[in-house]
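Notes follow once the structure below has been shown.
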Amino acid sequence: MLKKSWMSYAIISILVFSVFGLVFHGDSSDNKRTNGTQSESGQRIIKNKGSDTMVNLAQAWAEAYRGVSDTVSVEVSGGGSGTGVAALINGTVDIANCSRQVKDKEKQQALKNTGKEPIEYIVGYDALAVYVHKENPLEQITIPQLADIYGEDGEITTWDQLGIANSGCKSDKIIRISRQSNSGTYFYFREALFGKARDFELGSLDLHGSKDVVEVIGRTPCAIGYSGMGYATDHVKMLKVATAPDEPSYAPNLENVIAKTYPIARPLYMYSLGEPTGEAKAYLDWILSAEGQKIVEELGFVPLESK
């Protein structure tokens, strides 16, 4: 009797573990993407992830595309350019959004992991604006001054060193707002200021998203920070920027980006894993079309046709 009970228990245990094994195996296989997935309604789902600078633009594209194709749903999430590239390398997204170019080592890792290299698309342009509180009397700044504010061993730490009396900032100390290191905006701004020669000084307030930077500056009279020009609000001011003290300064706007006079402007990228096909290719083609590029301009970025 004891032997029969033990055998029954063993059989039940095997069945239970077999069921759990199937469940876990199914979950694991869903973590990798090859040609995307389908929703329960049969819609093709395009996974799109990455740059926080581009997340509002990507969401606007996804929403508009619903009226173009009723067979496709585009799911958008942010997290930073580095997060999007990592997901592409792991094969868990169809398209990665980046405010910087994919690095050679990332291309090599993608090839090693998936057998495919990321394919680059420039989908628009952005001016990286320098923001201060709206009551700050400062109107313009130079690249060397920004380097001395943000860089290692920088000498500018107070507003009076910039020749202004910032009455809203009682301490007069400049609060540096920056982005987290997985951000393409972080990498681009650092390179624009220092090239390869220096790095950021420790002690800045490093925020997750482009919108967060502007919101904090809007509440902080002592703060200075950088973010895409499309994130401007009534609570902040965008400074004019000059490449050097004896050079003219330019505002971050459509005209100056087109004329290539604003010194901190950059392309915005989308990457597919290998040559895109099917619905992913159709979606990218639509983004590059006049209809998709109109949304770029509506959200405060610079469309391709303007360049």
Under the side chain to side chain contact (heavy atoms under 4.5 Å, CB included) test, which residues partner E106, sequence neighbours left out?
V85, I89, R100, V102, K103
With side chains defined as the heavy atoms from C-beta onward, is the minimum distance between [X] and [Y] less than 4.5 Å?
X    : Y    : answer
L128 : M229 : no
I175 : I224 : no
Y271 : I119 : no
D94  : L88  : no
Q293 : L304 : yes
T142 : T243 : no
P137 : N166 : yes

How about [atom1] on [X], more than 12 heavy atoms from neighbouring residues, nucleotides or ligands closer than 6.0 Å, or not?
X    : atom1 : answer
D246 : CG    : yes
E63  : CD    : no
K237 : NZ    : yes

Nearest-0.5 Å distance, CG of residue D160 to CG of residue D172:
4.5 Å
Separation of N48 CG from E75 CD (nearest 0.5 Å)
10.0 Å
Candidate pair R66 and S73, rule side-chain hydrogen bond (donor to acceptor under 3.5 Å, both in side chains), full reasoning
CA-CA 7 Å; R66 293 176 188 169; S73 174; over 6 Å; no
Can the ring centres of Y283 and Y65 be said to be less than 6.0 Å apart?
yes
All pairs passing ring pair (Phe, Tyr, Trp, His ring centres under 6.0 Å) where residues 227-252 contributes a residue, at least two apart:
none
What donor-acceptor contacts under 3.5 angstrom involve side-chain atoms of residues 186-201, with partners at least two apart or in another chain?
from: Y188; atom 1: OH; to: A265; atom 2: N; distance (Å): 3.3
from: Y188; atom 1: OH; to: A265; atom 2: O; distance (Å): 2.5
from: R190; atom 1: NH1; to: D199; atom 2: OD1; distance (Å): 3.4
from: R198; atom 1: NH2; to: E152; atom 2: O; distance (Å): 2.7
from: E201; atom 1: OE1; to: D153; atom 2: N; distance (Å): 2.9

Looking at W61, F301, Y269, which hits side-chain contact (heavy atoms from CB on, under 4.5 Å) with V123?
W61
